Colleague: 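Handing you this structure, nothing more for now.
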Amino acid sequence: MNEFARNLSWPVLFGLLLLSLFMILAALAPLIAPYDPWEPGRPFLPPSGTHPFGTNDIGQDIFSELVFGARISLFVGFFASFVSVAIGTLIGLFSGYLRGAADEVLMGATDIVLIIPALPLMIILAAHTSPSIWNIVIVIGALWWTSTARVVRSRVLQLREMPFVEAARGLGAGDCYIVFKHILPNTLQVIMAKFILAVAGAMLTEASLSFLGLGDSMQKSWGMMLSYAFSRGGFINGYWWWYLPPGICISLAVLGFVLIGFGLEELNQDETAVNPL
Amino acid sequence: MTDRTGYLACQSLRYAISLFIIVTLVFLIPRMMPGDPFISLLGEEVYYRSPELVEGLKAQYGLDRPIAEQYLSYLNNLAKGNLGYSFHYSQPVWEVIAYKMKWTFVLLIPSVILGAIFGIVMGAAAGWWRGSGRDTGITSLFLFIYSLPHYWLAMLSVLIFAFCLELFPLSGITGGGLAGLAKLRDVLWHMALPVSVLTLFGAAYNFFIMRSSVVQISGEGFVLTARAKGLRERDVLFKHVLRNAMLPLVTVIALDFGFMVSGALLVEIVFSWGGMGTLIYDAVFARDYPLLHGSFLVIAACVLAANFLADLLYAVLDPRIRGGVQA
Amino acid sequence: MHLIEVLDLKKYYSTGFINRQYTKAIDGASFCIERGETLGLLGESGCGKTTLGRLLLRLIEPTSGKISFDGTDITRLSRKGMRSLRPRMQMIFQDPESSLDPRMRIRESIAEPFKLGLRGKMSRSEMDENIMGLIETVGLNPEHLNRYPYQLSGGQNQRVALARILAINPEFIVADEPTASLDVSVQAQILHLMMDLKREFGLTMLFISHDMEVVRHMSDRIAFMEKGRVVLEG
């Protein structure tokens with residue numbers, strides 16, 4: 001944590017700024033939004049004094065939608081990322097520490113999942129299941145863990161050769177103890193970087209799935225807003241106030257995460273590719 | 001030589017297993033959904049509109065037969081190229097896909113190539129100038145591009161370049177009623193925006209990979225040696241660093257395929273470009289499952305093939321490949 | 001009876017799947033160590049001394065041969081059996097900083113053996129008392145307890161490592177080049193400390209080093225390692 005603070009460069013600071021902005025927006029949504037985003041009104045109004053971003057096809061205030069949308073988009077991003085990083089970490093830990101047959105099998109499985117094209121598979125899964133927030137979180141989480149697994153495994157391979165692990169074994173500590181008490185805390189830096197980048201990826205994926213009509217129609221995420229803007233005539237009629245703001249929000253939020261995550265990875269000086277994907 | 005063959009055999013096995021898993025998933029998923037499996041097999045539209053038709057098909061699909069038998073006949077159908085029937089289009093799935101697929105390739109191939117070149121060149125530059133102002137500038141730019149949802153970028157480009165500036169058409173593949181050279185020019189004109197968007201998208205992806213590759217190699221011992229020998233910077237860059245960083249160049253392009261396919265699907269929708277993207281979009285809304293399954297199988301097969309090709313090329317090009325190396 | 005008895009110990013490393021090639025790290029070593037004595041082990045880098053040390057503690061598995069500790073053949077022991085013996089034999093590593101968990105404070109590192117129950121059940125205050133005592137014994141100050149390994153010098157970290165080992169109260173210690181990565185001035189201090197501790201606690205030691213002078217200073221008997229075998233000198 002100290003090293004992180006010492007190395008804050010302006011892109012990372014900018015990322016933190018963006019992130020804080022959206023977190024505040026999400027937390028204080030009811031206080032900031034002028035209207036209830038579900039309340040219908042006069043449709044297709046352009047921006048004005050009463051509606052700073054105009055209204056959508058049901059007459060709901062777009063600015064309010066945006067503010068509340070922060071909650072959903074961030075929620076999906078964090079949870080999906082959490083699921084995928086948790087899975088990836090467990091697999092990476094056991095694969096790297098146990099080596100041998102377990103390692104071969106787990107890495108083989110990772111390679112196979114890696115090859116399967118993610119978005120098309122998600123489309124199939126999402127199309128068959130009922131479109132809910134949790135299904136999306138699970139679908140994204142279940143397919144995104146590979147990158148974390150690889151990176152964690154690398155680090156674990158490094159760590160397990162170190163004397164302090166041998167010393168722990170010399171104390172008679174069991175494998176589980178060593179993995180969770182000694183190795184895991186020393187991989188946190190690496191995991192954190194991946195987590196942040198995974199949030200960015202998850203938000204983009206959620207937006208893509210929503211755009212395809214596979215999102216949760218009961219929730220107003222930014223992705224769903226874009227989807228409606230496109231499918232309900234916003235795009236064709238040139239109502240830019242409807243489809244520009246959600247896109248800008250997604251871009252800025254993702255940028256915030258990416259800047260921080262990228263900065264963290266540079267700090268870690270990963271041997272594996274410094275790659276936000 | 002034996003090691004290389006061993007490596008390829010290993011990889012082939014991986015791809016075979018992946019393909020097997022994908023094929024099996026497509027078989028299992030509709031049958032595992034709650035409710036009548038026929039909804040998942042035939043599509044919601046036909047299920048609700050024509051129940052008599054559904055009755056007639058029950059025997060054909062043989063849902064009363066044991067699972068193993070169904071699976072075998074499913075595999076059998078696949079082998080024959082029978083991907084099912086789309087009631088939405090009243091055509092066999094394969095025919096629908098075959099027609100649309102080529103338009104997706106029309107977008108994909110130039111985008112993949114241009115995106116790869118652009119990303120690699122910029123990535124190498126940024127990696128080489130690592131830490132400098134130039135690097136920060138370029139990297140920040142690409143980080144920004146990466147953050148934009150690509151289909152939103154597409155919408156933006158339509159707004160600016162087509163709507164406002166009227167430089168490019170708003171949508172579609174071609175204006176219609178043209179032939180020959182005129183048609184070709186028209187199609188190219190329509191392609192300009194979508195290809196540009198996809199190229200940026202692909203470039204961002206390649207940029208980061210290339211940059212980290214160059215950074216990593218620049219830090220390696222033999223580069224230090226080259227510098228110590230007194231080689232000019234330019235020579236160090238081209239003769240040593242790039243040569244090694246670009247080894248996977250062709251494979252990168254092949255790998256891009258999988259990534260870009262997902263990108264192309266969404267961008268096509270924005271541009272109403274008649275390829276797989278709009279096909280899937282409509283299929284999702286109509287819940288035309290046979291079409292969705294078929295599309296997925298075809299796309300997955302293409303991506304697998306591209307990745308496999310990448311591995312083959314890599315094995316041929318990299319003199320260091322020995323058995324058991326993780327690519 | 002010897003505390004440590006090694007009979008025809010072998011450790012081979014194999015590489016390659018189809019074309020098996022063997023590296024013979026240890027090729028039939030036999031020797032013994034008496035209770036209370038320090039056996040020095042000399043040899044060039046890479047001759048297998050470190051491997052030998054680790055084998056004695058069964059941190060690595062031998063290929064063949066017999067190692068007995070206080071009459072028990074540890075090569076045959078189950079994991080559980082080994083576990084009960086482990087507290088009696090410990091190791092000091094060459095790089096002090098990496099022998100401590102970088103994420104744990106010094107206090108936590110030293111307390112770990114207690115927390116694992118190696119000295120029986122202990123209350124919080126008993127633990128603190130013990131830690132304080134250990135700190136004093138190795139020549140550290142209480143304010144070091146709250147620091148992280150990267151904040152201490154090599155010499156200080158090695159003292160922490162020693163404190164940790166003493167917390168377990170072992171009978172036998174393998175010292176694997178414990179001063180090799182320390183400054184010359186600090187080396188003497190640590191060696192001195194080790195000799196004091198050895199006397200105070202009646203420890204048996206295997207002192208591994210490539211430095212002839214140091215070994216001579218510390219050991220009662222000296223052995224040489226060459227080509228995977230041990231040759232004893234008086």
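Model, not experiment: these values are computed from the prediction.
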Colleague: If you measure from the Lys or Arg side-chain nitrogens to the Asp or Glu carboxylate oxygens, is any gap between Asp175(A) and Arg169(A) under 4.0 Å?
Modeller: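 Between Arg169(A) and Asp175(A) there is no salt bridge, as every charged N stays at least 4.0 Å from the carboxylate O atoms.
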Colleague: Salt-bridge test for Arg99(A) and Glu104(A): reply yes if a basic N is under 4.0 Å from a carboxylate O, no otherwise.
Modeller: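 Here Arg99(A) does not pair with Glu104(A) in a salt bridge, since their nearest N and O are not under 4.0 Å apart.
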Colleague: Pick whichever of Pro185(A), Gly174(A), Pro163(A) has the most heavy-atom pairs under 4.5 Å with chain C.
Modeller: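 Of the options given, most contacts go to Pro163(A).
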Colleague: Could I get the full list of ring pair (Phe, Tyr, Trp, His ring centres under 6.0 Å) partners for Phe14(A), not counting sequence neighbours?
Modeller: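 Here no residue qualifies.
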Colleague: Can you say whether Leu59(C) sits under 4.5 Å from chain A via the side chain, the backbone, both, or neither, judging by heavy atoms?
Modeller: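 Both the backbone and the side chain of Leu59(C) come within 4.5 Å of chain A.
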Colleague: Select one option (side chain, backbone, both, neither) describing which atoms of Met82(C) are under 4.5 Å from chain A's heavy atoms.
Modeller: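 Contact with chain A involves no heavy atom of Met82(C) at all.
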Colleague: Salt bridge or not for Arg54(C) and Glu166(A), using N-O below 4.0 Å?
Modeller: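 So Arg54(C) pairs with Glu166(A) through a salt bridge.
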